[in-house]
Amino acid sequence: MANRQLIDVKNLIDEIEDHLNDENFAEVSQRINVLKPADAISVLERLNHRHRAFVYLMFDKDLALRVFEGLPPVLQGDLVNALQEHDTAELFIGLAPDDRVWLLDELPATVASKLLEGLDVDERAQTSALLGYAEGSIGRRMSPQFITLRPYNTVADAMERVNSRLHTAETVYYLPVIDDGRRVIGAVSLRQLMGAQDTQSVDELMGTARTADVSEDAENVARRTARRGTFALSVVDHEERLVGIFTLDDAVRILEHEESEDVSRQGGVEPLRRPYLSTPVSRLVRSRITWLLVLAVGATLTVQVLSVFEATLEQVTVLALFVPLLIGTGGNTGNQAATTVTRALALHDIEPRDLFRVLTRELRTGFMLGILLGSLGFVITALIYEFEVGLVIGLTLLAVCTVAAAVGGAMPLLARAIKVDPAVFSNPFISTFVDATGLIIYFMIAKAILQI
């Protein structure tokens with residue numbers, strides 16, 4: 001079923017592009033306005049920059065707003081720059097304040113200022129308040145549109161308040177309860193209100209409210225929200241006063257964004273922050289070239305090691321055959337450890353202070369992997385070549401796996417300790433480091449056993 005849908009979208013895009021090239025805009029409009037928002041988003045993400053703007057202008061008004069809300073912030077920014085000013089202003093007004101901040105973060109300052117000026121006083125104040133918080137903080141991602149209740153409110157009063165703000169609140173399913181000083185003292189759900197008697201008071205129903213400080217890191221709060229399965233939580237300032245709410249759907253959005261960045265950096269590329277097919281080739285080149293240059297410079301360490309042991313290779317040429325095997329095994333072992341530890345860091349299973357415990361576990365893990373791989377390498381190599389060569393390969397695999405696992409496990413923790421993204425310190429750098437050290441270990445063991 002999924003493959004069928006993918007083929008249909010691809011065929012539709014081909015047809016749309018053909019109609020656009022033939023300037024058959026009526027046919028394009030007819031085809032796209034029967035799409036569901038999710039399908040329309042898929043189409044826009046795969047069109048080039050110029051065609052995307054043309055197609056978007058042909059959407060019906062209601063569909064256009066729903067599609068715009070579902071696009072990644074980077075593509076929203078592209079559309080803002082491509083559309084007429086009045087179209088842009090209308091789209092911007094239709095967004096929720098927290099969604100506006102996502103978009104403004106992707107736009108030039110002059111464009112952002114012009115869009116803010118087009119808002120009414122209340123909307124501008126709400127959006128500007130969010131922009132005032134530090135980048136990366138939960139204050140910048142929370143919603144200021146929420147419904148509060150007082151403990152002395154009856155259920156009937158609470159339901160009337162919910163109904164009156166049904167279309168302006170971020171959510172009506174999570175309702176913070178505050179005191180006269182706007183401090184959060186509890187929370188109730190819409191389900192609780194609907195199942196209670198009209199004369200009951202809110203303080204009879206409310207439970208403990210989960211809160212986050214407005215200056216907390218947004219990713220940390222998002223992970224906490226997702227881990228607990230909390231539908232929403234209250235965001236408070238340093239005096240415990242309610243300033244916003246943070247919902248589960250926003251948590252998922254942040255985690256998707258962060259996971260995409262981590263995966264990209266672990267692979268040695270800068271995150272694209274937009275769908276692949278919507279990314280210009282020049283942007284793909286820029287996202288990769290810096291890392292390739294860094295890794296190329298790092299690879300010179302391997303070349304230097306080989307040049308130092310050139311005489312050893314000339315005496316026992318068979319050693320050269322195993323160089324790719326050894327450095328590949330070391331790199332893969334280190335990358336596995338780094339990926340596991342980076343993931344554990346993101347989930348807060350471990351912290352930098354756990355360095356010694358992680359190092360101990362990875363040394364043991366690497367040693368056991370080395371025993372298994374080294375034994376296999378020893379048997380196969382000894383049968384094909386000589387006993388001494390097999391012993392060199394076996395011991396080298398044991399040592400390389402142990403060292404690589406320890407280095408791979410330690411580097412993400414060291415990166416977090418010095419306030420650097422652990423993903424940056426992961427696979428590419430570990431591979432380069434382990435390649436060089438693995439070769440040194442290899443040739444030192446070979447010289448000792450083969451007496452060369």
Side-chain angles (χ1 to χ4, degrees), residues 1-2 5-6 8-10 12-13 16-17 28-29 31-84 87-107 111-112 115 119 123 127 130 140-145 167-173 218 222 225-226 231-232 245-261 271-279:
M1 183 69 176
Q5 290 176 345
L6 181 60
D8 288 343
V9 170
K10 183 180 183 303
L12 178 58
I13 291 171
I16 288 174
E17 289 180 337
V28 174
S29 179
R31 296 301 303 275
I32 63 174
N33 280 301
V34 297
L35 296 175
K36 295 179 180 178
D39 293 330
I41 291 170
S42 296
V43 170
L44 285 186
E45 288 179 341
R46 289 166 172 78
L47 291 173
N48 63 42
H49 181 77
R50 185 173 66 88
H51 283 171
R52 188 182 305 122
F54 275 142
V55 169
Y56 187 82
L57 286 172
M58 298 178 200
F59 282 130
D60 292 337
K61 184 175 180 180
D62 291 341
L63 178 60
L65 182 56
R66 295 177 67 185
V67 168
F68 189 81
E69 290 174 338
L71 288 173
V74 175
L75 290 191
Q76 288 180 341
D78 288 348
L79 275 178
V80 165
N81 291 324
L83 297 175
Q84 296 291 331
D87 295 322
T88 297
E90 188 173 347
L91 288 171
F92 191 67
I93 292 170
L95 293 176
D98 53 328
D99 291 331
R100 290 191 200 117
V101 173
W102 276 97
L103 173 56
L104 292 173
D105 285 341
E106 301 294 338
L107 295 174
V111 177
L115 289 175
L119 298 174
E123 293 287 350
T127 306
L130 299 187
R140 208 172 176 91
R141 299 296 175 230
M142 68 182 181
S143 172
Q145 296 177 317
H167 301 294
T168 58
E170 173 77 6
T171 179
V172 297
Y173 301 108
T225 303
F231 184 78
I245 63 170
F246 181 67
T247 57
L248 183 59
D249 60 328
D250 287 326
V252 171
R253 185 180 186 183
I254 290 173
L255 293 180
E256 287 179 347
H257 180 79
E258 295 296 334
E259 290 292 338
S260 176
E261 287 193 347
L272 298 178
R273 301 170 63 206
R274 66 176 70 212
Y276 173 80
L277 293 177
S278 298
T279 305

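Remember, predicted model here, so these are calculated numbers, not experimental data. Values below: all heavy atoms of this structure, side chains included; hydrogens, waters and symmetry mates excluded.
- Here the CD1-CD distance, from Ile245 to Glu170, works out to 5.5 Å after rounding to the nearest 0.5 Å.
- The two residues Arg52 and Leu47 come nearest to each other via the heavy atoms NH2-O, 2.9 Å.
- The shortest heavy-atom contact between Ala222 and Phe246 is CA-CE2, 3.9 Å.
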Query - Worked verdict on Arg100 versus Gln76 for side chain to side chain contact (heavy atoms under 4.5 Å, CB included) - result: CA-CA 10 Å; Arg100 290 191 200 117; Gln76 288 180 341; over 6 Å; no
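- Two residues are said to be in side-chain contact when any heavy atoms from C-beta on lie closer than 4.5 Å; Leu71 and Leu44 meet this criterion.
- For the residue pair Ala40 and Leu35, the shortest heavy atom distance occurs at CA-CD1, 4.0 Å.
- Listed here is the closest heavy atom pair of Leu255 and Ala226: CD1-CB, 3.8 Å.
- Taking CZ of Arg46 as the start and CD1 of Ile41 as the end, the distance is 11.5 Å to the nearest 0.5 Å.
- When each of Asp99, Asp98, Asp105 is tested with Arg141 by the rule salt bridge (charged side-chain N to carboxylate O under 4.0 Å, His left out), just one qualifies, namely Asp105.
- Interatomic distance, Tyr56 OH to Ile32 CD1, rounded to the nearest 0.5 Å: 10.5 Å.
- Note: Lys36 NZ to Arg66 CZ = 10.5 Å, rounded to the nearest 0.5 Å.
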Query raised in the report: Given the rule in the side chain to side chain contact (heavy atoms under 4.5 Å, CB included) test, do Thr171 and Phe231 qualify, once you have shown the distances and angles that lead to the verdict?
Result: CA-CA 10 Å; Thr171 179; Phe231 184 78; 3.3 Å; yes
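- The two residues Leu130 and Pro144 make their nearest non-hydrogen contact at CD1-CD, 3.9 Å.
- Considering CD1 of Ile254 and CZ of Arg140, their distance stands at 12.0 Å, rounded to 0.5 Å.
- Contact annotation: the side chain of Leu104 approaches that of Thr127 to within less than 4.5 Å [non-hydrogen atoms, C-beta and beyond].
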